[in-house]
Amino acid sequence: MFQHFTGFVYLFAVSQLVSLAGAQSECPLQLDPQRVVVRYGGSVAVNCYTSVLHKGMGWEASEGAVPMTRNQNLITWRVSELTEWDIKPVCYINPNDRGQCIVHLPVTVYKTPDSVFISTVNHRGPMMEGQQYELQCDVHNVAPVQYLTVKWYKGQTLLHQTTFTDNIKTPENKTVTLLIRPDRADDEAEYWCEAELDLGAEGPQPHPTISAKPLNVEVYYKPKHSNSTETIIQDDKDMLDCTVKVNPAPTYTWDHLKEKISSSVLKSSELSPGRYTCTATNTLGRDSKVFIVKSTGILHPKMKR
Ligand SMILES: *[C@@H]1O[C@H](CO)[C@@H](O)[C@H](O)[C@H]1NC(C)=O
Ligand SMILES: *[C@@H]1O[C@H](CO)[C@@H](O)[C@H](O)[C@H]1NC(C)=O
């Protein structure tokens with residue numbers, strides 16, 4: 001009867017230990033939390049707890065070590081300003097019923113970048129439509145790069161992202177490049193990059209993110225009218241509108257007119273019926289548009305020809 005009872009207590013204690021130790025190990029120690037993420041220079045505190053009788057337990061660490069103590073079952077590793085990138089704290093115990101065992105505390109020490117900067121590689125001034133250019137994003141002094149993502153954006157659109165596999169714990173500089181081939185719709189577009197540190201569930205939320213000051217891109221392209229021909233019925237309001245959105249700004253010329261006109265818009269009421277061709281020209285090319293002016297049948301008093 002007595003034996004049966006002792007056996008029950010023993011089993012109960014073992015099952016409790018197993019649940020406390022979790023997946024870590026069979027060492028009868030429980031860390032709380034089981035992993036920490038600390039800003040470089042920040043503070044940290046982690047409890048190490050046991051429920052078994054022991055001859056001593058302690059923390060070993062290059063900062064915040066706790067000497068072996070016998071009469072406690074909870075000891076705390078505590079650092080008020082953590083300034084070691086690769087710290088590996090260990091909690092140990094000498095249980096009464098077996099040899100020493102240890103549990104490692106995984107520590108991630110991080111630092112957000114000092115700066116994130118975007119630039120164009122080997123190029124200055126406007127970009128030409130259809131040509132390829134290289135953008136560069138420089139991320140300075142960030143750790144650990146294993147948790148870094150560099151994201152590229154055009155306006156609010158995510159273009160690309162890069163992660164890193166280096167297992168270096170100390171701060172690093174990272175340079176990422178992106179090839180772009182801008183088109184006319186990209187004139188005045190804002191390109192930018194950002195550095196994000198995703199340190200996992202134990203890390204800061206939202207993820208620390210530093211963005212570069214956007215790069216405003218100017219794109220040069222050839223004039224192109226959306227319609228190459230337009231029919232206009234003469235009237236007081238209808239215009240021959242040759243205006244085309246293009247960069248750099250074009251000059252306009254009109255054929256089949258007696259006088260030279262550089263305006264992009266003509267009043268249909270001041271013309272006689274017929275074909276009029278307008279050409280928009282800039283440094284990259286030219287594009288023409290034909291206007292067919294038709295009479296309403298009523299002679300207009302202001303008609304010139
Ligand atoms: C990062 O760049 C800075 C400035 O250019 C430099 O002083 C520093 O040594 C670099 N760090 C590394 C790890 O290369
Ligand atoms: C251009 O052509 C399209 C389709 O032929 C037409 O829907 C549109 O109204 C035209 N635009 C102008 C300014 O004439």
Side-chain angles (χ1 to χ4, degrees), residues 33 35-46 60-65 77-90 104-127 131-182 186 189-218:
R35 178 194 171 218
V36 281
V37 173
V38 195
R39 189 176 51 78
Y40 183 77
S43 67
V44 62
V46 175
E60 256 173 32
S62 49
E63 289 181 33
W77 174 65
R78 197 188 301 274
V79 180
S80 58
E81 278 181 37
L82 186 61
T83 53
E84 203 187 306
W85 294 105
D86 195 7
I87 194 159
K88 293 185 162 78
V90 162
H104 289 274
L105 172 69
V107 179
T108 302
V109 182
Y110 73 93
K111 185 194 164 302
T112 55
D114 288 340
S115 66
V116 179
F117 188 72
I118 187 172
S119 57
T120 316
V121 181
N122 295 330
H123 181 79
R124 285 173 69 91
M127 296 179 178
Q131 289 188 23
Q132 185 172 275
Y133 298 89
E134 191 174 22
L135 303 183
Q136 177 172 316
C137 185
D138 288 298
V139 182
H140 278 282
N141 219 9
V142 61
V145 291
Q146 191 187 339
Y147 300 100
L148 174 68
T149 303
V150 176
K151 295 180 177 177
W152 287 96
Y153 290 89
K154 181 173 77 181
Q156 294 308 308
T157 308
L158 178 65
L159 299 176
H160 195 261
Q161 56 185 43
T162 306
T163 53
F164 305 87
T165 51
D166 329 28
N167 195 16
I168 300 166
K169 307 229 158 129
T170 50
E172 290 276 293
N173 298 329
K174 284 288 170 191
T175 295
V176 180
T177 59
L178 178 75
L179 291 175
I180 59 164
R181 199 181 286 279
D186 298 326
E190 280 192 342
Y191 286 88
W192 50 287
C193 59
E194 69 179 22
E196 179 179 332
L197 278 175
D198 178 356
L199 296 146
E202 299 88 352
Q205 312 290 341
H207 304 153
T209 301
I210 311 274
S211 301
K213 187 175 168 288
L215 180 77
N216 287 289
V217 163
E218 184 180 11

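Indexing begins at 1, ligand by ligand and atom by atom, following the structure's order. All heavy atoms count here, side chains included; hydrogens, waters and symmetry mates do not. Residue numbers run from 1 in the order of the sequence given.
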Can you name the salt bridge (Lys or Arg N to Asp or Glu O under 4.0 Å) partners of Glu218, sequence neighbours left out?
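By the salt bridge (Lys or Arg N to Asp or Glu O under 4.0 Å) rule, Glu218 matches no residue at all.
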Out of Leu197, Asp198, Thr112, Val37, which one pairs with Pro204 under the side-chain contact (heavy atoms from CB on, under 4.5 Å) rule?
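Only one of Leu197, Asp198, Thr112, Val37 forms a side-chain contact (heavy atoms from CB on, under 4.5 Å) with Pro204, namely Val37.
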For [atom], grab the closest protein heavy atom and report residue, atom and distance to one decimal in Å.
atom                    : value
atom 13 (C) of ligand 1 : Pro171 O, 3.7 Å
atom 5 (O) of ligand 1  : His140 CE1, 3.9 Å
atom 8 (C) of ligand 1  : Asn173 ND2, 3.7 Å

With His140, which residues qualify under ring pair (Phe, Tyr, Trp, His ring centres under 6.0 Å), at least two apart?
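His140 satisfies ring pair (Phe, Tyr, Trp, His ring centres under 6.0 Å) with no other residue.
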Please check: side-chain N/O of Asn141 versus main-chain N/O of Pro171, any donor-acceptor pairing under 3.5 Å?
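A pair under 3.5 Å: no.
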